[in-house]
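One structure is given here, and the rest of the page talks about it.
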Amino acid sequence: MPKNKGKGGKNRKRGKNENESEKRELVFKEDGQEYATVTKMLGNGWVESQCCDGEKRMAHIRGAFRKKVWITQGDLILLGLRDYQDSKADVILKYTPDEARMLKSYGELPDHIKINDTQIMEDSDEEVNVEFDIDEI
């Protein structure tokens, strides 16, 4: 019978969501940072984001952040801008919906930013009839 040499199984790796209920301090942007909303998930740790300054940037989710915090389309994030690449940035923080509402009430976010506004196509029950005219040659 082999001895267990590890520290535990799948459930240990899954971890516990201990910090879910505790509130964290609201983080405002500093120099070299910008607020953005996620417009598209690109895969491999990259997202397309629309920044508050009007720029559209590709943002990279770093490894430790990628495993612990799930980022989806429509989330409000804080980006760290790169000095050497204006079209790319790094995701520093994901704001919860409550934090995003507080940022908007403090006037940090412009009015055109929608909080958690995902545009997901829903299946409709309406039947669509499409007719094609095919001319025989």
Side-chain angles (χ1 to χ4, degrees):
M1 192 115 171
K3 291 187 177 181
N4 292 337
K5 295 183 180 179
K7 295 181 182 176
K10 177 171 78 171
N11 291 333
R12 184 192 68 83
K13 292 177 189 169
R14 190 179 298 161
K16 292 183 174 60
N17 209 355
E18 295 170 357
N19 60 356
E20 184 179 317
S21 60
E22 76 180 50
K23 289 195 135 203
R24 64 178 184 210
E25 190 176 323
L26 190 60
V27 178
F28 295 104
K29 75 173 184 176
E30 298 172 0
D31 268 355
Q33 296 178 350
E34 192 63 48
Y35 299 116
T37 54
V38 177
T39 55
K40 189 191 288 186
M41 301 298 294
L42 299 175
N44 202 21
W46 287 90
V47 297
E48 186 178 88
S49 59
Q50 180 68 42
C51 296
C52 289
D53 61 0
E55 291 281 326
K56 198 170 245 188
R57 292 185 173 94
M58 282 180 50
H60 184 255
I61 308 168
R62 59 190 180 89
F65 198 68
R66 189 187 317 182
K67 293 180 180 106
K68 289 188 171 77
V69 179
W70 292 109
I71 295 178
T72 57
Q73 183 180 355
D75 285 341
L76 183 71
I77 54 177
L78 181 65
L79 296 181
L81 303 178
R82 296 181 178 180
D83 296 333
Y84 51 93
Q85 289 175 315
D86 192 44
S87 64
K88 292 184 181 176
D90 299 297
V91 177
I92 296 174
L93 183 75
K94 174 191 166 188
Y95 291 105
T96 62
D98 292 334
E99 290 172 334
R101 278 190 280 280
M102 288 180 69
L103 281 174
K104 200 164 190 176
S105 68
Y106 289 147
E108 287 284 319
L109 297 175
D111 293 333
H112 65 83
I113 296 290
K114 293 185 176 70
I115 299 169
N116 277 11
D117 182 34
T118 55
Q119 297 175 352
I120 300 172
M121 298 295 289
E122 295 181 9
D123 295 333
S124 62
D125 294 335
E126 297 177 15
E127 187 176 317
V128 178
N129 293 324
V130 179
E131 294 181 21
F132 296 99
D133 264 347
I134 302 174
D135 295 332
E136 298 288 329
I137 299 177

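In this chain, residues are counted from 1 in sequence order. This is a predicted model, so every value here is computed, not measured.
For the pair Lys94 and Glu99, the minimum side-chain heavy-atom distance is 4.5 Å or more. Residues Asp75 and Val47 fail the side-chain proximity criterion, which asks for heavy atoms closer than 4.5 Å. Under the 4.5 Å side-chain criterion, counting only non-hydrogen atoms from C-beta, Val91 is in contact with Leu79. Proximity of Tyr35 to Leu78: side-chain heavy atoms (C-beta onward) are separated by under 4.5 Å at one or more points. Side-chain contact between Gln73 and Lys40 is absent, with no heavy atoms from C-beta onward closer than 4.5 Å. Inter-residue side-chain proximity for Cys52 and Glu34 is flagged as met; some heavy-atom pair is nearer than 4.5 Å.
A side-chain donor-acceptor contact under 3.5 Å links Ser49 to the backbone of Arg57. Under a 3.5 Å cut-off, the side chain of Gln50 and the backbone N or O of Gly54 do form a donor-acceptor pair.
Rounded to the nearest 0.5 angstrom, Lys88 NZ and His60 NE2 are separated by 10.0 Å. Atom-to-atom distance recorded for Lys56:NZ and Ser87:OG is 13.0 Å, nearest 0.5 angstrom. Between Thr39 atom OG1 and Glu48 atom CD the span is 4.0 Å, to the nearest 0.5 Å. In this structure, CZ on Arg101 lies 12.0 Å from CG on Leu109, to the nearest 0.5 angstrom.
Hydrophobic clustering of Ile, Leu, Val, Met, Phe, Trp and Tyr side chains at less than 4.5 Å, counting indirect connections, unites Ile77 with Ile61. Trp70 and Leu93 are assigned to two separate hydrophobic clusters, defined by single-linkage of ILVMFWY side chains at heavy-atom distances under 4.5 Å. Linking Ile, Leu, Val, Met, Phe, Trp and Tyr whenever their side-chain heavy atoms come within less than 4.5 Å leaves Ile92 and Trp46 in two separate clusters.
Pairing each heavy atom of Val27 with each of Leu103, the nearest pair is O-CD2, 4.5 Å. When all heavy atoms are compared, the tightest approach of Ile71 to Met41 is O-CE, 3.3 Å.
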